[in-house]
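Here's the structure, in structure tokens; my notes come after.
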Amino acid sequence: MRTHVFKMFAVTFAAVGFMTAAAHSQAPTGAAPAQSAAAAKPAVAETPLVKPFSPANAAEKAIVDQIGAFTKAYAEANAQALADLYADAAIIVDADGGETRGKPAIAQMYADSFQELKGLKLESHIQAVSFLTNDVARVEGQSRLSTPNGDASEFTRFSTLVVLKDGKWKIAEIREHAAPAEDVAPYERLKELEWMVGDWINEGADDKVTASVRWADDQSYLIRTYTVELRGEKRSSGTMFIGWDPQSGQIKSWLFDSQGGHGEGFWTRTGEDQWVVKAQGVLRDGLPTSATQVHTILNKDSAKTSSIDRIIGGQVAPDINDVVMVRKAPAPAASQPAATK
């Protein structure tokens with residue numbers, strides 16, 4: 001039964017980082033190659049294998065129904081209906097130890113959450129109901145929040161104390177516990193990006209950007225190298241590492257360019273064929289950079305990228321819109337020398 005909306009997401013896919021200011025004038029910050037529609041399904045945390053809870057008596061059924069009412073009120077973004085399910089002196093303790101006390105504060109917390117992000121979906125899976133007394137019970141289970149697009153956080157464990165007052169079960173306490181860390185191989189985290197492996201190009205009348213993506217040893221990272229040319233002369237190049245960041249719980253990209261700049265980006269999938277990245281970096285002279293990048297699939301071998309809200313050294317920079325990267329065609333097989341008699 002997740003509570004604080006700003007603690008809920010562990011998302012998604014990282015592909016690129018920052019170029020330098022010179023490179024920005026020629027191409028988007030690491031335009032991402034395209035992905036086939038079949039490979040572009042939103043990645044969400046899978047429902048854990050939890051045996052469905054079956055009430056054994058009327059009291060357990062009443063508690064389960066109350067949890068169902070909680071989920072329904074959340075789906076309707078009804079902060080007051082949620083607060084009405086709590087006892088007057090109820091307390092919520094999130095996974096980081098933060099506390100919200102009392103029905104008015106709880107109602108305000110939900111109202112703020114619904115204002116911040118709309119269309120959230122709550123899933124709750126009860127695992128056990130145990131009665132401490134005839135009027136007090138503990139409910140344990142797992143929950144997660146997801147966006148309308150299906151992007152979701154990892155499941156969170158919860159322990160809820162409910163009390164019987166005037167014939168109705170009320171929530172007296174909710175405690176959230178972070179799900180235990182999983183030991184997942186890096187490839188399993190990154191395989192959704194395997195379509196990036198290969199050689200890519202964007203070529204204009206005076207400029208050309210080429211990129212190559214390959215796996216690192218043991219498929220622990222994707223490594224992307226790029227080169228920017230202007231009128232036939234190399235202007236800049238760089239190397240990017242794309243991997244799973246266990247501290248943030250996201251796929252993240254780190255970029256280092258040939259002019260001494262570096263940057264990083266966090267990605268969120270906003271649709272089957274689109275990603276949005278919030279990226280920031282620093283140029284070699286210390287000037288900070290930031291931008292919002294939108295990558296849209298065109299087909300399995302091409303994608304367009306726009307870089308907007310660009311700030312360089314505190315100054316607004318022009319947007320870069322709809323720059324397309326395409327997959328290079330395979331090199332023709334080398335001709336064989338004619339056989340001699």
Side-chain angles (χ1 to χ4, degrees), residues 1-12 43-55 60 63-75 79 82-83 85-87 89-103 105-110 112-114 116-117 120-133 135-147 150-164 169-184 188-189 244-251 266:
M1 292 165 63
R2 298 297 296 275
T3 53
H4 295 287
V5 66
F6 50 84
K7 295 183 180 297
M8 70 183 179
F9 293 111
V11 252
T12 53
V44 300
E46 296 295 331
T47 301
L49 298 177
V50 176
K51 183 179 179 180
F53 179 80
S54 298
E60 287 187 355
I63 292 172
V64 171
D65 289 345
Q66 195 75 339
I67 301 301
F70 187 102
T71 303
K72 181 176 183 294
Y74 204 102
L82 284 167
L85 298 173
Y86 287 83
I91 179 173
I92 296 173
V93 182
D94 65 33
D96 295 328
E99 297 184 358
T100 304
R101 291 180 177 271
K103 185 180 292 189
I106 290 171
Q108 187 62 52
M109 180 196 71
Y110 285 122
D112 291 345
S113 295
F114 296 139
E116 184 177 349
L117 283 175
L120 296 174
K121 177 184 176 183
L122 174 71
E123 299 175 51
S124 293
H125 301 269
I126 297 175
Q127 295 172 292
V129 175
S130 55
F131 287 88
L132 307 182
T133 70
D135 298 333
V136 180
R138 184 177 300 282
V139 183
E140 295 180 289
Q142 292 182 317
S143 67
R144 74 171 176 180
L145 286 173
S146 58
T147 69
D151 298 322
S153 68
E154 299 291 339
F155 275 85
T156 295
R157 295 182 296 116
F158 68 83
S159 176
T160 300
L161 203 64
V162 294
V163 296
L164 188 62
W169 290 96
K170 296 286 188 178
I171 299 169
E173 178 183 282
I174 293 179
R175 289 185 177 270
E176 295 180 346
H177 311 277
E182 296 180 277
D183 184 13
V184 179
E188 294 301 316
R189 303 286 196 186
W244 177 257
D245 178 21
Q247 189 171 37
S248 64
Q250 294 181 243
I251 292 179
F266 290 96

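Everything numeric here is computed off the predicted structure, so don't read it as measured data.
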* Pair R175 + E173, salt bridge at N-O below 4.0 Å -> yes

* Locate the shortest heavy-atom distance separating V64 from P55; write the atom from each residue and the value. => CG2-CG, 3.9 Å

* Please step through side chain to side chain contact (heavy atoms under 4.5 Å, CB included) for the pair L161 and L132, ending with a clear verdict. => CA-CA 10 Å; L161 203 64; L132 307 182; 3.8 Å; yes

* To do: Please report the closest heavy-atom contact between H177 and S159, naming both atoms and the distance.
  => NE2-CB, 4.0 Å

* Would a 4.5 Å heavy-atom cut-off, applied to side chains only, mark V162 and Q66 as touching? -> no

* Asked: Which pair of non-hydrogen atoms, one from F114 and one from A79, has the smallest distance, and what is that distance?
  -> CE1-N, 3.9 Å

* Please say which of T160, L164, I126, V139 ends up in a side chain to side chain contact (heavy atoms under 4.5 Å, CB included) with I63. => V139

* Asked: Does G98 offer a backbone N or O that forms a donor-acceptor pair with the side chain of D96 under 3.5 Å?
  -> no

* Between atom CH2 of W169 and atom CG of D65, what is the distance when rounded to the nearest 0.5 Å? -> 13.0 Å

* Interatomic distance, F158 atom CZ to H125 atom NE2 [nearest 0.5 angstrom] -> 9.0 Å

* Structure fact -> On a heavy-atom basis, the closest approach of A90 and I171 is CB-O, 3.4 Å

* Minimum heavy-atom distance A69-L85, with the two atoms named -> C-CD1, 4.0 Å

* Rounded to the nearest 0.5 Å, what separation is found between the CD1 atom of I91 and the CD1 atom of I106? -> 8.5 Å

* Hey, could you give me the OG1/CG distance between T71 and L122, rounded to the nearest 0.5 Å? => 5.0 Å

* Aromatic rings Y86 and Y110: how do their planes relate, parallel, tilted or perpendicular, breaks at 30° and 60°? -> tilted

* Decide yes or no on side chain to side chain contact (heavy atoms under 4.5 Å, CB included) for E140 and R157, but give the supporting numbers first. => CA-CA 8 Å; E140 295 180 289; R157 295 182 296 116; over 6 Å; no

* Structure fact -> Closest heavy-atom pair, A172 versus A87, reported as atoms and distance to 0.1 Å, is CA-CB, 4.4 Å

